[in-house]
Structures are given as C-alpha cells and as structure tokens.
Participant: 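Dropping the structure in here first, questions after.
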Amino acid sequence: MKSVVPAPHRAILRTIAAIPRGCVACYGEIAARAGVPRGARLVGRVLREADPALDLPWQRVLRADGRIAFPSGSRAHREQCRRLRAEGVVVVHGRVDLARFGWQRNLDRELWSLPHA
DNA sequence: ACATTGACTCGCG
DNA sequence: GCGCGAGCCAATG
C-alpha cells in the first residue's frame, strides 16, 4: 500500500532533519530546499502535526526575519529559545541573526521575488 | 463547491 | 517597531 503521507510532506521532514546543529533556517527556505516553492505554510503545518518521536530539530525553524514563530511569552517560545541556546545559537529578544546562524541565507530571495526588477 | 484557518512572507504606511 | 492587506497553499468544516 502506498504511503498515506504525500511526497512534499516527506521531503520537508527530511529537509528539517538535515539542518545542521547550531544553524537555523526559515520556513520558506526549507520549503524551497525540499522542492516545494512557496510552501512556507506547508512547512508550518508539517511541523505542527509531526510525530514527536521523530525528534525533529524543530527549534531550528524560524520566520523569514529570524524571529521565533510562536508568540513571545508562550511556553513554546521559551522552549525554543532554550533549545537554541543549548546548541550555541545566540537568541536576542526572541530573534536570531540569520547572517550569522542562517543555513541558506540567500537562496530565499531568488525564489520569492521573480520579476527581479 | 465555498469559507475559514494557519509554527508563512512581503510591501507599504 | 507595529499593524494591515494581499498572495500563498493544504487541511477542515
């Protein structure tokens, strides 16, 4: 029987699992790398429904501006901060400097703004 | 088939 | 910095 899990979903899980320790990646970046252009929201959905037993490095996934996706003050926000710092990532006011800790830093821009001026 | 909802992103004010 | 609107796409009701 064929897998009940769609291919893009699996590709996204693999990509997240591949983010190096001490690095972070934004949702759109992960989607692009997984072969799902404009799939940022899908990445969020996949993470939310992912089986905790997979031990995904979910803390390494941030918004495009380097901020943690969860509302500051929330339980999840604090937990993500804690996990990131535990692996050496500097978090200031719920934010990470992508220029320093970003995984793919630039690929993003090429894929999202096509008209390209 | 239509409307709403999100761990999203971008541009503008 | 913050809020809004628009575009985006799969899941849900």
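Numbers restart at 1 for each chain; the letters A, B, ... are given by sequence-line order, proteins then strands.
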Participant: In whole Å, I'd like the distance from the CZ atom of A:R78 to the P atom of B:dA7.
Facilitator: 18 Å
Participant: Counting distance alone, no hydrogens or angles: does the base of C:dC8 have a donor or acceptor under 3.5 Å from a partner atom on the side chain of A:R38?
Facilitator: no
Participant: Between B:dC10 atom P and A:E29 atom CD, what is the distance in whole Å?
Facilitator: 11 Å
Participant: Check whether the side chain of A:R45 and the base of B:dG6 form a donor-acceptor pair under 3.5 Å.
Facilitator: no
Participant: What is the distance, to the nearest angstrom, from the CG atom on A:L56 to the P atom on B:dA7?
Facilitator: 16 Å
Participant: Could you state the atom-to-atom distance from CD1 of A:I30 to P of B:dC8 in whole Å?
Facilitator: 11 Å
Participant: Cationic tip of A:R33 within the cone over A:W103's six-membered ring, i.e. under 6.0 Å and within 45° of the normal?
Facilitator: yes
Participant: Round to the nearest Å and state the distance from A:L13 atom CG to B:dA7 atom C1'.
Facilitator: 14 Å
Participant: I need the CZ-P distance between A:R41 and B:dC10, as an integer number of Å.
Facilitator: 13 Å
Participant: Tell me the interatomic distance from A:R48, atom CZ, to B:dG6, atom P, rounded to whole angstroms.
Facilitator: 8 Å
Participant: Please name the pair of heavy atoms, one in A:R85 and one in A:V91, separated by the smallest distance, quoted to 0.1 Å.
Facilitator: NH2-O, 2.6 Å
Participant: Look only at the side chain of A:R78 and the backbone of A:G73, and say whether a donor-acceptor pair between them is shorter than 3.5 Å.
Facilitator: yes
Participant: Any donor-acceptor pair under 3.5 Å linking the side chain of A:R63 with the backbone of A:A69?
Facilitator: yes
Participant: Mind checking A:R63 for me? I need base, sugar-phosphate or nothing, with any heavy atom below 4.0 Å counting as a touch.
Facilitator: sugar-phosphate
Participant: Determine the Euclidean distance between corresponding P atoms of B:dA7 and C:dG7; express it in Å to zero decimal places.
Facilitator: 22 Å
Participant: Rounded to whole angstrom units, what separation is found between the CG atom of A:L42 and the P atom of B:dT9?
Facilitator: 13 Å
Participant: For A:R95, which contact category applies under a 4.0 Å heavy-atom criterion: base, sugar-phosphate, or nothing?
Facilitator: sugar-phosphate
